[in-house]
Amino acid sequence: MRDAEIRELPQLIGQEVRVRGWLYNARSSGKLRFLVVRDGSGYLQAVVFKPSASETLWNDAERLTQESSLWVVGTVKEDGRAPGGVELGVSELGIVSLCPEYPITPKEHGPDFLLNNRHLWLRSKRQHAVMRVRNEIVFGIRDFFYQRNYVNIDSPILTPAACEGTSTLFSTDYFGDTAYLSQSGQLYLEPAAAAHGKVYCFGPTFRAEKSKTRRHLMEFWMVEPEVAWMHFDGLLDLAEEFVSSLVARVLDRCADELAWLERDVAKLAPAAERPYPRIDYGDAVERLKAKGFPAQFGDDFGGDEETALADDAGKPTMITRYPAAIKAFYMEPDPTDPARALAVDMIAPEGYGEIIGGSERISSYDKLEQRIAEHGLPRQAFEWYLDVRKYGAFPHSGFGMGIERVVSWMCGLSHLREAIPYPRMLNRLYP
RNA sequence: UCCGCAGUAGCUCAACGGUAGAGCGUUCGGCUGUUAACCGAAGGGUUGGGGGUUCGAGUCCCUCCUGCGGAGCCA
């Protein structure tokens, strides 16, 4: 007799196995008791039949409460009446820990209650599926870059000053000095691109903005590639290849999870195919005006405007060459129009908003020095960053992608908070 | 920070200014194939806090707190 994970039971028909897990739900019908057991790998209907069960076995099966931990020994049987087509005829049952009244019932709950019980909510089917998709995306990201000979160079989380000087930062005491939690790894990645050529960082990012929307978290995960010698067109190709490959991977390997989440796969599938539309910022403004939005050249786009642009194509859409004035200081000006930056935002369809922001970086020492001054940034804090241009300047480009927004989009979630195990939001730091 | 919505049983929600209700969960009973099983019964309440109007407030008014959605900002 061997221990088995539930996912492998279809290959073990007729064998006696032990399964360990938790009681997800139970139903009884006179002389029968159906125990739905979950072990993380799947769900199993374990059946106890009173006439063939010992008194102890039957009583234990009756005593079990939702989320009690247990083990069952029995024979794996094929049965069309069981969910998944396979069930276990239980011959022995062990109660490891009897669970007191479990807060999360198989009925509906509100978001506040569920978030207060996030540590338990993670056990439920839907959250389980989301974390599986997230896992696939995270691994897919690392696989994508590893296959292409990128080197993972992680940036520090504690930093001495604002990376971009715009967003509000969380601060903490650092032996008497003030340290800030990183809001981007990019600046630290650029020197590493001079060392390895193709690099990426992947870690948590912190924004202390008091944003209260379904698209914002205070702490989120971001992956940022940075590539030496890559110009703007190459960056657009990279972003497109990257995102489409992740979508294809999730569609291929997470079909069960997407089904549990009732994700409309037909709406996601087009994003697995290249190319993605590329719309010049100026054309995007015109298109929005034609749709009745009060868009003006020079403005950044709002959430509704982004949605309108990406939904035209029904797949991620890249908006290119934004006005330099509304973009970060380190972005390379467009050689054909210095008022524009070689910047791109990739907007996901179905209202999921910006998932990627990137640009070609300024490679000239003088130009960067000038921009730092124009933005009123403390030059001293950026000496090391200027060194990237001083000692062997090189053209390079990169982008950042927010993991939770991508997970949220692929899973079809209505809120980013379900896309991360423990969401950090305004007014929420528990559990 | 601004605008809007909400707070009633453990959970999700009802209740015209006039006796505080249902479903799920829990406990007990019933059923030999259940699929969020079903049937019967029981237990479960300071209606977010404070103040006011009224013969009478879950309901109307003021105020505070908490949460949700959106704006701004961004991934």
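Protein chains get the first letters and strands the later ones, always in sequence-line order, with residue 1 at the start of each.
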Participant: Applying a 3.5 Å limit to both distances, which nucleotide forms a Watson-Crick or G-U wobble pair with C2(B)?
Facilitator: G70(B)

Participant: With heavy atoms under 4.0 Å as the rule, sort Phe220(A) into base, sugar-phosphate or nothing.
Facilitator: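 The answer is base, as Phe220(A) lies within the cut-off (heavy atoms under 4.0 Å) of a base atom.
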
Participant: When the P atoms of C55(B) and G69(B) are compared, how many Å lie between them, rounded to an integer?
Facilitator: 42 Å

Participant: If you compare every side-chain N and O of His415(A) against the phosphate oxygens of G69(B) (OP1, OP2), does one of them come in below 4.0 Å?
Facilitator: yes

Participant: Would you classify Glu224(A) as touching base, sugar-phosphate or nothing, given that sugar-phosphate means primed atoms plus P, OP1 and OP2, and contacts are heavy atoms under 4.0 Å?
Facilitator: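 The residue Glu224(A) makes no contact with any strand.
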
Participant: For Pro103(A), answer base if it contacts any base atom (sugar-phosphate contacts may also be present), sugar-phosphate if it contacts only those atoms, and nothing otherwise; contact means non-hydrogen atoms under 4.0 Å.
Facilitator: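 Nothing, no heavy atom under 4.0 Å.
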
Participant: Report yes if a donor N or O on one partner sits less than 3.5 Å from an acceptor N or O on the other, where the partners are the side chain of Arg27(A) and the base of C31(B); otherwise report no.
Facilitator: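 It does not, because no donor-acceptor pair links the side chain of Arg27(A) to the base of C31(B) below 3.5 Å.
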
Participant: Contact class for Asp79(A) (heavy atom, under 4.0 Å): base, sugar-phosphate, or nothing?
Facilitator: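 Base contact - Asp79(A) has a heavy atom under 4.0 Å of at least one base atom.
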
Participant: May I ask you to evaluate whether Arg215(A) reaches the phosphate of G72(B), defined as a side-chain N or O under 4.0 Å from OP1 or OP2?
Facilitator: no

Participant: Would you classify Lys50(A) as touching base, sugar-phosphate or nothing, given that sugar-phosphate means primed atoms plus P, OP1 and OP2, and contacts are heavy atoms under 4.0 Å?
Facilitator: nothing

Participant: Between the side chains of Arg361(A) and Ser359(A), does any donor sit under 3.5 Å from an acceptor?
Facilitator: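 Yes, a side-chain donor-acceptor pair sits under 3.5 Å.
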
Participant: Between G25(B) and Tyr102(A), is there a base-stacking contact, meaning the centre of the base's six-membered ring lies under 5.5 Å from the residue's ring centre while the planes stay under 30° apart?
Facilitator: no

Participant: Does U54(B) pair with anything, Watson-Crick or G-U wobble, both distances under 3.5 Å, and if so, with which nucleotide?
Facilitator: none

Participant: Side chains of Glu209(A) and His216(A): is there a donor and an acceptor less than 3.5 Å apart?
Facilitator: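 Short answer, no.
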
Participant: Does any donor atom in the side chain of Tyr24(A) or Gln66(A) lie under 3.5 Å from an acceptor atom in the other side chain?
Facilitator: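 Absent: no donor and acceptor within the cut-off.
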
Participant: Can you tell me, in whole Å, how much space there is between the C1' of U12(B) and that of G44(B)?
Facilitator: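 Here U12(B) and G44(B) have their C1' atoms 16 Å from each other.
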
Participant: Which part of the nucleic acid does Leu217(A) contact within heavy-atom distance under 4.0 Å: base, sugar-phosphate only, or nothing?
Facilitator: base

Participant: Between Asn116(A) and Tyr430(A), do the side chains contain a donor N or O and an acceptor N or O under 3.5 Å apart?
Facilitator: no

Participant: Can you tell me if the side-chain N/O atoms of Arg417(A) get under 4.0 Å from OP1 or OP2 in G69(B)?
Facilitator: yes

Participant: Return the nearest nucleotide to the side chain of Thr213(A); candidates are U32(B), G70(B), C74(B).
Facilitator: G70(B)

Participant: Closest-nucleotide mapping onto RNA chain B: is Lys77(A) or Ser28(A) further toward the 5' terminus? I mean the 5' end.
Facilitator: Lys77(A)

Participant: Is there a side-chain contact (heavy atoms from CB on, under 4.5 Å) between Phe206(A) and Phe220(A) once you walk through the steps?
Facilitator: CA-CA 7 Å; Phe206(A) 307 88; Phe220(A) 65 97; over 6 Å; no

Participant: Give His216(A) one of three labels, base, sugar-phosphate or nothing, depending on what nucleic acid heavy atoms sit under 4.0 Å from its own.
Facilitator: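 If one applies the 4.0 Å heavy-atom cut-off, His216(A) turns out to touch a base.
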
Participant: For atom P, what is the distance between G25(B) and C11(B), given to the nearest Å?
Facilitator: 16 Å

Participant: Give a yes or no answer on whether the side chain of Ser397(A) reaches the backbone of Leu235(A) with a donor-acceptor pair at less than 3.5 Å.
Facilitator: no

Participant: Could you tell me how far G40(B) sits from C31(B) if I compare only their C1' atoms? Round to whole Å.
Facilitator: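 About 12 Å, rounded to a whole number of Å.
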
Participant: When we call it a touch if two heavy atoms are under 4.0 Å apart, what does Gln66(A) touch: a base, just sugar-phosphate, or nothing?
Facilitator: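 Gln66(A): no heavy atom of the nucleic acid under 4.0 Å.
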
Participant: If the C1' atom of G4(B) is compared with that of G43(B), how far apart are they to the nearest Å?
Facilitator: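 These two C1' atoms come out 40 Å apart once rounded.
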
Participant: With P as the reference atom in both, quote the distance from U59(B) to G17(B) in angstrom, rounded to an integer.
Facilitator: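 It works out to 11 Å between them.
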
Participant: So what does Glu101(A) touch, heavy atoms closer than 4.0 Å: a base, only the sugar-phosphate, or nothing?
Facilitator: base

Participant: Measure distances between side-chain N and O atoms of Thr105(A) and base N and O atoms of C24(B), and say whether any donor-acceptor pair falls under 3.5 Å.
Facilitator: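 By the distance-only test, no, there is no pair.
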
Participant: Within the 4.0 Å heavy-atom criterion, would you say Ile355(A) contacts the bases, only the backbone, or no part of the nucleic acid?
Facilitator: sugar-phosphate

Participant: How do Ser29(A) and Gly402(A) order along RNA chain B: which one's closest nucleotide is nearer the 5' end?
Facilitator: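 First, find each residue's nearest nucleotide; the 5'-ward one identifies Ser29(A).
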
Participant: Quantified in whole Å, what is the P atom distance between nucleotide U34(B) and nucleotide A22(B)?
Facilitator: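 The same atom, P, in both gives a distance of 29 Å.
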
Participant: With both distances kept under 3.5 Å, what pairs with A15(B), Watson-Crick or G-U wobble?
Facilitator: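 Looking at the geometry, A15(B) pairs with no nucleotide.
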
Participant: Using the C1' atoms only, state how far C61(B) lies from C2(B), rounded to an integer number of Å.
Facilitator: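 Roughly 24 Å separates the two C1' atoms.
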
Participant: Using a heavy-atom cut-off of 4.0 Å across all strands, would you classify Ile403(A) as base, sugar-phosphate, or nothing?
Facilitator: nothing

